[in-house]
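Right, one structure below, let's go through it.
Just so we're on the same page: letters track the sequence lines, and every chain starts at 1.
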Number of protein chains: 2
Amino acid sequence: MANKPPAAHDHRRCIDKALAAAEQICYKNSVKLTPVRKQVFTIILQSHRATGAYTILEALAKALPAGASKPAPPTVYRALAFLQSNRLIHRLASINAYIACCRPARNHESYFLICQHCHNATEIPGENISAAIARQAGMEGFKVRREHVEVLGVCTNCTAKEPG
Amino acid sequence: MANKPPAAHDHRRCIDKALAAAEQICYKNSVKLTPVRKQVFTIILQSHRATGAYTILEALAKALPAGASKPAPPTVYRALAFLQSNRLIHRLASINAYIACCRPARNHESYFLICQHCHNATEIPGENISAAIARQAGMEGFKVRREHVEVLGVCTNCTAKEPG
DNA sequence: CCGTAAATGTTATGTTATATCATTCTAGTA
DNA sequence: TACTAGAATGATATAACATAACATTTACGG
């Protein structure tokens, strides 16, 4: 996928690393990273942008062996549900799209910077944000279970390219 | 609408106040709070829960004069777009629903606590959260434009009712 | 009253997601 | 090997959310 990663890096290695981590996590969780699930995860990993479910569906259709029947939406959504429940991906609700989690081993929430220009999404450390949320929630007597932070704006690459 | 507001209050007064504020804001912005827009806003104001577009559509159909033709989705979505652009409502992306803004006069972003049990959504002050976001975004060289914070959990009412 | 722009109505369709049931695959076990 | 129970996938249909495109009506300054 034509895509500018947030910083120059070996994306092949990035993918392999994520896949290896996924294998480990699934093993630990006693669940199976089946071919379909692995394929969907690989498709998501191709890009640092978030990917829509139907884009994944198309990519999956192309990736499948020539003779195979075309996959249907539930195939993708089931794989996505599996990957989410094992914390391998996040769903970005504001743009209805899915993206790989960059630190799947940690039990963390979802904090993203989404570039409105190039559509790259960067996962950021959430400790400080979470602390601020906890303070406000505490004042309301609210028990926090899941945090979704999606910040829209312009990334550093795009700012450099298009000043003003 | 059967609904527990976050704290006991006179909801009629709550609605009237919001409508009055909306009138003022529209006057200041030189835009018109037409009957359809006002009706949609009123429907949203009925509840402290977020309301789905098609639920609004149904309510709008009932609210219209007996002889009037049934409204179609674009009618609702146009009103929602108007209300959003004048900062009178927010869209909660994680649940595809719309809710009145509690401080429309301020130029603020969207910070919500959403109860997974009663579905009430509480808008919280975002200053601290925003500061934490700004710090992380700054480290990435990211220009922040819009912030969406949606925290899922259990509100104080529901915690009291269902301990454990 | 007329012309223009804004708002709304109307029809159709695009996009995202899930329910349901049939079939196939997998791993344990006799 | 063959059986079987549960997991995973295939397949069909439809639900839920949202917008494009164009026609019609309304508001209002001239």
Just by modelled atom types, is the [Y] backbone N or O under 3.5 Å from a matching donor or acceptor in the [X] side chain?
X	Y	value
B:D10	B:R12	yes
A:H11	A:L45	yes
A:T42	A:K38	yes

Side-chain N or O of [X] closer than 4.0 Å to phosphate OP1/OP2 of [N]:
X	N	answer
A:Y77	C:dT18	no
A:R91	C:dA17	yes
B:Y98	D:dC17	no

Margin query: Counting the benzene-type ring for Trp, do B:H119 and B:H117 have ring centres under 6.0 Å apart?
Written below: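 Not close enough - the centres of the two rings lie 6.0 Å or further apart.
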
Item checked: ring pair (Phe, Tyr, Trp, His ring centres under 6.0 Å) contacts in which one or both residues fall within residues 14-42 of chain B, not counting sequence neighbours ->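 Ring pair (Phe, Tyr, Trp, His ring centres under 6.0 Å) check on residues 14-42 of chain B returns no pairs.
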
Are any protein N/O atoms closer than 3.5 Å to N/O atoms in nucleotides 23-29 of chain C? If there are, list each pair with its distance.
none

Notebook entry, point to check: What nucleic acid atoms does B:F82 come within less than 4.0 Å of, heavy atoms only: base, sugar-phosphate, or nothing?
Noted result: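 No contact.
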
Checklist line | Heavy-atom closest contact (A:C115 atom, A:C155 atom, distance) | finding: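 That would be SG-N, 3.4 Å.
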
Between protein and nucleotides 9-16 of chain D, what N or O pairs are separated by less than 3.5 Å?
residue: D:dT9; atom: OP1; partner: A:T34; partner atom: OG1; Å: 2.5
residue: D:dG10; atom: OP2; partner: A:T75; partner atom: OG1; Å: 3.4
residue: D:dG10; atom: N7; partner: A:R78; partner atom: NH2; Å: 2.6
residue: D:dG10; atom: O6; partner: A:R78; partner atom: NH1; Å: 3.2
residue: D:dA11; atom: OP2; partner: A:S69; partner atom: OG; Å: 2.7

How long is the line joining [atom1] of [X] and [atom2] of [N], in whole Å?
X	N	atom1	atom2	answer
B:Q39	C:dA7	CD	P	18 Å
A:L80	C:dA17	CG	P	9 Å
A:L60	D:dA8	CG	C1'	14 Å

Note to self: Under the salt bridge (charged side-chain N to carboxylate O under 4.0 Å, His left out) test against A:E109, which residue among A:R146, A:R87, A:R103 passes?
What the structure shows: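 One option only clears the test, and that one is A:R146.
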
Next item on the list: Kindly indicate whether the side chain of A:F142, heavy atoms from C-beta on, has any atom under 4.5 Å from the side chain of B:T122.
Entry: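 Of all side-chain heavy-atom pairs linking B:T122 with A:F142, none is under 4.5 Å.
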
